[in-house]
Amino acid sequence: MATSGVAASPIKYCLQLPVQCPRLREKRVSVSNFGRSRSHCTVSTQKYHPRRMPLVKCAMEASFGGSTDDSAAIFPRINVKDPYKRLGINKEASEDEIQAARNFLIQRYAGHKPSVDAIEAAHDKIIMQKFYDRKNPKVDIKKKVREMKQSRVVQAVTSRFRTPATKFIVKTSIAFIVLGALTVLFPTEEGPTLQVAISLITAIYFIHDRLKNKLRAFLYGAGAFIFSWLLGTFLMVSVVPPIFKGPRSLEVTTSLITYVLLWVSSTYLI
């Protein structure tokens, strides 16, 4: 074919439009007789190939930040009973640290309502416990005992006692155990008057044996006897219920308490 005196052969242009959407079809356009002549276009259709589907999926994930929904993640410590371990904090944490842990976990697991409820429950329980502890502070028993030992009154009392030799402790223990056995086994209608008198003499004897001073032994023995008898009577009337049965059960029990206190005085008092 000749056009304007120039010899030219027919030229064909093929445009291929790749389309990766499943609802569109691939088009092929052929243009012949380029120039002044009328264009002739042929359109051929081709079905979408399934292997191109992953490309669309990857593009969508890249556009929308991935298909996984992190907001619906489940709180891993949702069933932990300890509220401090559930929030991941220690028991010495401040209120600001507790609130920060709560806000962080709520923001992270906001898409899962049971997780949010578990986090809120642990937070509320810790706050209520903190409030209760401030309102009702715990008593440090070890600290109180240490303060009592360091007080002047207690130090003055404890300085009057000293541990003797083991042989002396055994001797005084046997003496007062025998008096206690006689009081329990042979009670009289008048009460254990004789046994109590013997316990006073025994206490004075042992105190004198240790201190080698008659006046101090008598004062210590008499004072220990009066204090022991009054304390034993108070305990039996107000605190300790009757241990033995019978009309003289009060006197017998009071005598036993007196023997114990006299044994401590005659053995350790200086």
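Nothing fancy with the numbering, it's 1 onward along the sequence.
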Working to the nearest 0.5 Å, report the span between OG1 of Thr202 and CD1 of Ile207.
-> 11.0 Å
For the student: nearest non-hydrogen atoms of Ser255 and Thr183, plus distance | CB-CG2, 4.1 Å
Just by distance, with hydrogens left out, do Thr172 and Thr267 show a side-chain donor and acceptor under 3.5 Å apart?
-> yes
Do you know the tightest heavy-atom contact between Arg210 and Phe168?
-> CD-CE2, 2.9 Å
Side-chain heavy-atom pair Leu256, Val184 within 4.5 angstrom cut-off = yes
Quick one: side-chain contact (heavy atoms from CB on, under 4.5 Å) partners of Leu200, sequence neighbours excluded?
-> Ile204, Phe225
Residues at least two apart in sequence or cross-chain that pass side-chain hydrogen bond (donor to acceptor under 3.5 Å, both in side chains) with Asn213, listed by chain then number, are none
Within a radius of less than 6.0 Å around NZ of Lys214, do more than 12 heavy atoms belonging to other residues, nucleotides or ligands occur?
-> no
Cluster check Tyr220, Phe218: I/L/V/M/F/W/Y, side chain < 4.5 angstrom | yes
Are Trp263 and Ser173 linked by a side-chain donor-acceptor pair shorter than 3.5 Å?
-> yes
Atom OG of Ser115 and atom CD1 of Ile74: how far apart are they, to the nearest 0.5 Å?
-> 6.0 Å
Measure up the Phe176 and Phe206 rings against each other and bin them: parallel (under 30°), tilted (30 to 60°), perpendicular (over 60°).
-> tilted
Nearest heavy-atom neighbours spanning Tyr259 and Gln195 | OH-CB, 3.1 Å
Thr193 OG1 to Ile198 CD1 distance, which is reported to the nearest 0.5 Å = 11.0 Å
Group every Ile, Leu, Val, Met, Phe, Trp and Tyr by side-chain heavy-atom contacts under 4.5 Å, then state whether Leu87 and Phe104 land in the same group.
-> yes
Spatial distance of atom CD1 (Ile257) from atom CG (Leu230) [nearest 0.5 Å] = 12.5 Å
Test Arg102 against every option in Glu97, Glu95, Glu120 by the salt bridge (Lys or Arg N to Asp or Glu O under 4.0 Å) rule and name the one that passes.
-> Glu120
Could you grab the distance from atom NZ of Lys130 to atom NZ of Lys125, nearest 0.5 Å is fine?
-> 14.0 Å
Taking every heavy atom of Lys85 against every heavy atom of Arg77, the minimum-distance pair comes out as O-NE, 3.1 Å
Hphob cluster co-occupancy, Ile106 + Tyr109, side-chain heavy atoms under 4.5 angstrom = yes
Flag yes if more than 12 heavy atoms outside Arg152 fall under 6.0 Å of its CZ atom; otherwise flag no.
-> no
Is there a side-chain contact between Ile98 and His123 (heavy atoms, below 4.5 Å)?
-> yes
Looking only at non-hydrogen atoms, find the nearest pair between His112 and Ala73 and report the distance.
-> CB-O, 3.4 Å
Linked, directly or transitively: Val264 and Val196 (ILVMFWY side chains, under 4.5 Å) | yes
Straight-line distance of Leu262 CG to Ile201 CD1, nearest 0.5 Å | 12.0 Å
Test salt bridge (charged side-chain N to carboxylate O under 4.0 Å, His left out) on Lys91 and Asp133 and set out the steps.
-> CA-CA 12 Å; Lys91 294 185 178 181; Asp133 292 341; over 6 Å; no
Please determine, by modelled atom types, if Asn103 and Gln107 share a side-chain donor-acceptor pair under 3.5 angstrom.
-> no
If Ile, Leu, Val, Met, Phe, Trp and Tyr residues are connected whenever their side-chain heavy atoms lie under 4.5 Å apart, and connections chain through other members, are Ile169 and Ile177 in the same group?
-> no
Here the pair of heavy atoms bringing Arg86 nearest to Ala118 is NH1-O, 3.0 Å
